[in-house]
Asker: 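To start, I am sharing the structure in question, which I have written as structure tokens.
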Amino acid sequence: MPDELSANFVYKYKDTQSSDSSQHTSIGVIFFGTLAKDFSQTVSQGDIVLLSGFTISKSPTEQTDGLHPCLLEMSSTDACVYVYSPNVVVSSLPAVVSSESRYTYVPLNELKPSRIVNVYGLVTFFKQPFPTKGTDYCSTLKITDKSNVKVSCTIFSERLEDHPKIFRIGDIIRLHRVKAQIFNGSMTLLTTLGWSTVTFDGMIDSPIEPRTSSRTFHFGEADKHAVEELRQWAASQLLANESTVPLSSVHPKMFFDLTCQLLAKARMDTRCMLLKVWDGTKCAHPLLNVAVAPDALEGQSSPSQDRENMIANVLVYDNHVEGASKLKPGMFLRLFNLHAVTQRAPEQSADCASSLCFHLHGGTSYGKGLCVLPSESPELQPLKRLLEGHVAVAGEDEVNDATLVDVWYTPPEALGQFQPLHIRAEPSEVVNEDFYTVRTCGHTLQKVSLAHVKSSTAPVVCHVRAKVKSYQPQNLYQCLKLFCPQCTTLMEVPNDEIIARVFQDALRVNQPCGEHWAVTSSVDSIRMHVSCEMVLSNTHTQLLFLQGVTLEEMSVISAAHSNVVPVCSDDERMRLLDFSAPFLFRRDKRYFGCKRCSRSTFVEPEVSGVEIWDEHNVAKALGVQLMQYALLMKFELEDETGTLEALIWEDAERFFQVTAADTSACQDSQDKVQITMDRLHPPGSSMAERPWLDLCLSAYTVEENSNQVCYQITNTEARGNLYTPL
DNA sequence: GCTTAGGATTCG
């Protein structure tokens, strides 16, 4: 045929003179028509080609040229060839190859069954990749374009990172080498061998940044234009970026998408994971707080007053647990199709207002799922500013204690409670991956040097990398303090000698006391009082008042009781002991009252309405201001630029992953603090051997101390396998 | 070894 061009390209990867057909490493290929023309204009020597839609035929010239006995012959107009140049990846179809625009994108209304095509589209529906019954994960999505035709796409890949990074409806996706097919009467697209994808934000003015796991992908002016055009069209159609719902707009029973930061997570069971998240807004409905043992919780989420209704508890079920288990506190997430469920915590009675909890139900229907958003995403910036603002405000409220600095220098008294623990630490082995620190704050800050921190104006929050040059107190039992949240008094925990003396003083005036609210029984010189009202409600075994005991007797008796209050008598009236002694013994724990803020006279305890007695309601019933246990240490930090003294105080429990109250009584918690210190500052180690610590530092001024600038380590957790010997 | 899925909730 005169108007038809033909070409015969022979690729010789290796020259061979042999006529033995098994030795042939080259074969002839025959193209016809426009494909032949386009191919001849596109290809260069050395390119790699991939052919499809060709048939094998006998070579008529085998006898004369001694080459391969077969030929590859283009069988129909469906045949296509892919040309891989060293630098650019070129895909070509019959009639579409051109030298200036090497990729051609087919509008969605022009798809033809069994064609392998490249397309651009706007995402109108998507699911996170889910495991199939086969070998791959599958992403299902639906896309549309200017033609307004909607096409479903199915993407298979066993590598999760190769799946399209779609974060929201309205994102723009580019697909290469996907096959058009009819399924159930509708056009669909399916990945084929060599497929690839890139996605873009669909917001009209956001930077055009391709999201892909591929390190080599083609992106030119034409792509930029395609994205811009789709964004324009989407905007005109009101299709673009359906926004997610802030916590402040969530109401019961709704399904919604949430953009948030992960604060903490905990495995509930094999099919359920708890995520504690926030987005910087306050929910109009009370939020449920799912209580979890502190050691089961990864990350930090202490409910505090000013964060009330800001921390959402999300229960993630079944297939979503796999993805959730990879999450780390601090990450930014998008949770798709969360269900706002009203429920009561187990301890809440039926007349209590129920609170909101969020469920990510099992399955993938309606796009249920979760994904991690890159921290630098432009759409996260407003959220991050909101969170940082909130963290800063919380910091100002909490870091205001002028007494900290003073108390630091008062010589601590020995308590004899911490047992120093000796760990074998070979100096050469101390730099160990078993120990490290992580910041759990939401700040996105560049790390700065200690010199930079010192030159900054407080208040400020900084991220640093430093080593511990020294720390105080060296005897760790001395880092345990008592703190009054009311008057901010900070004091040492009285030792047993002091407490025993208070008990002895009380014994000297051990007269009977007649309180109308109490019934009394006596064994020898020991008197036990219980509340009449509590006897009636059968809760009297929970709260005992003991008179005429020594500290030793008290310790034995309280070991078996939930709440025991030591009392004495004065003028036939019951009184509490001096506040140098604990006002309450709860099994192995002792609780102290603040001398300044507690009621000085003892009146009838207010016992109505309490079902379960703990240290808080005992203190309240007695008019006592409960003192909190707190850990206080001072680290001398060092980096290449200098040293800086930083307290570890408000976030000490977070840092050491213990509660201060536990360290007052529990050997395991004391050991944990000791081991942590031995990891970050091994005994006898040189600076070079100590680990670098990633720390979040808060700098603040103490007004009462001529505006002295103080530093605290905040939002930082010590991590690692502390129980592996170094 | 060359399939898998092919949108459509609500349980915990």
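Keep in mind it's a predicted model, so treat the numbers as computed, not measured. Below, chains carry the letters A, B, ... as their sequence lines are ordered, and counting in each starts from 1.
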Asker: With respect to the side chain of A:Lys142, which nucleotide from B:dT10, B:dA8, B:dT4 is positioned closest?
Answerer: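 In terms of side-chain proximity for A:Lys142, the closest of B:dT10, B:dA8, B:dT4 is B:dA8.
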Asker: Rounded to the nearest Å, what distance is computed from the NZ atom of residue A:Lys179 to the C1' atom of nucleotide B:dC2?
Answerer: 13 Å
Asker: Does A:Thr140 reach a base, just sugar-phosphate, or nothing at all? Heavy atoms under 4.0 Å.
Answerer: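 Touches sugar-phosphate only.
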Asker: Counting side-chain heavy atoms from CB outward, which of B:dA5, B:dG12, B:dA8 is closest to A:Arg271?
Answerer: B:dG12
Asker: Without decimals, in angstroms, what is the distance between A:Leu160 CG and B:dT4 P?
Answerer: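 These atoms are roughly 20 Å apart.
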Asker: With A:Lys127 as the cation and A:Phe130 as the aromatic partner, state whether NZ or CZ is under 6.0 Å from the six-membered ring centre and within 45° of the axis.
Answerer: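 Because its charged atom sits under 6.0 Å from the ring centre and within 45° of the axis, A:Lys127 does stack over A:Phe130.
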Asker: For A:Thr188 and A:His361, find the nucleotide of DNA chain B closest to each by heavy atoms; which residue's nucleotide sits nearer the 5' end?
Answerer: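 Result of the comparison: A:Thr188.
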Asker: Please report the distance, rounded to the nearest Å, between NE2 in A:His163 and C1' in B:dT4.
Answerer: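 After rounding, the reported distance stands at 11 Å.
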Asker: Which part of the nucleic acid does A:Asn337 contact within heavy-atom distance under 4.0 Å: base, sugar-phosphate only, or nothing?
Answerer: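 Result for A:Asn337 = base.
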Asker: Less than 4.0 angstrom between a side-chain N/O of A:Lys127 and OP1 or OP2 of B:dG6, yes or no?
Answerer: yes
Asker: Considering residues, nucleotides and ligands other than A:Glu161, do more than 12 of their heavy atoms fall under 6.0 Å from its CD?
Answerer: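 Result for CD/A:Glu161: enclosed.
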Asker: Is A:Phe126 touching bases, backbone alone, or none of the nucleic acid, heavy atoms closer than 4.0 Å?
Answerer: nothing
Asker: Suppose you measure atom P in B:dG6 against the same atom in B:dT10; what distance do you get, rounded to whole Å?
Answerer: 15 Å
Asker: What's A:Cys272 touching, base or sugar-phosphate or nothing? Going by heavy atoms closer than 4.0 Å.
Answerer: nothing
Asker: Measure from CG on A:Leu338 to C1' on B:dT10 and round the result to the nearest Å.
Answerer: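 For the pair A:Leu338 CG and B:dT10 C1', the rounded distance is 13 Å.
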Asker: Have a look at A:Leu190 and say if it touches a base, only the backbone sugar-phosphate, or nothing, with a 4.0 Å heavy-atom cut-off.
Answerer: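 Result for A:Leu190 = base.
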Asker: Checking contacts here: which listed nucleotide (B:dG6, B:dA5, B:dG7) is nearest the side-chain heavy atoms of A:Phe183?
Answerer: B:dG6
Asker: Atom NE2 of A:His359 to atom C1' of B:dC11: distance rounded to whole Å?
Answerer: 9 Å
Asker: How about A:His339 and A:Phe358: are their ring centroids closer than 6.0 Å?
Answerer: no
Asker: Base, sugar-phosphate, or nothing: which does A:Gly362 touch, judged by heavy atoms less than 4.0 Å apart?
Answerer: base
Asker: In whole Å, what is the span from the CE atom of A:Met268 to the P atom of B:dC11?
Answerer: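 Roughly 19 Å, once rounded to whole Å.
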Asker: Round to the nearest Å and state the distance from A:Leu141 atom CG to B:dA8 atom C1'.
Answerer: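 It works out to 16 Å between those atoms.
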Asker: Measure the distance from OH on A:Tyr317 to P on B:dT9 and round it to the nearest whole Å.
Answerer: 19 Å
Asker: With a 3.5 Å cut-off and just heavy-atom distances, do the side chain of A:Asp318 and the base of B:dG12 make a donor-acceptor pair?
Answerer: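 Per atom types, the contact qualifies.
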Asker: Which of parallel (below 30°), tilted (30 to 60°) and perpendicular (above 60°) describes A:Tyr317 and A:His361?
Answerer: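 Parallel.
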Asker: Would you compute the distance between atom OH of A:Tyr103 and atom CZ of A:Phe219 and round it to the nearest 0.5 angstrom?
Answerer: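 The distance works out to 12.5 Å.
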Asker: Looking at A:Lys150, I'd like to know whether one of its side-chain N or O atoms comes within less than 4.0 Å of OP1 or OP2 on B:dG7.
Answerer: no
Asker: Using heavy atoms to find the nearest nucleotide of DNA chain B for A:Tyr137 and A:Phe125 separately, return the residue whose nucleotide is more 5′.
Answerer: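 First, find each residue's nearest nucleotide; the 5'-ward one identifies A:Tyr137.
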Asker: Determine the contact category for A:Asp136: base if any of its heavy atoms lies under 4.0 Å from a base atom, sugar-phosphate if only primed atoms, P, OP1 or OP2 are that close, otherwise nothing.
Answerer: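 Base contact.
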Asker: Is the distance between the ring centroids of A:Phe126 and A:Phe336 under 6.0 Å?
Answerer: yes
Asker: Between A:Phe156 and B:dA5, do the rings stack, that is, sit under 5.5 Å apart with planes less than 30° off each other?
Answerer: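 No, the aromatic ring of A:Phe156 does not stack with the base.
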Asker: Which part of the nucleic acid, if any, lies within contact of A:Glu158, taking any heavy atom under 4.0 Å across all strands shown: a base, the sugar-phosphate backbone alone, or nothing?
Answerer: nothing
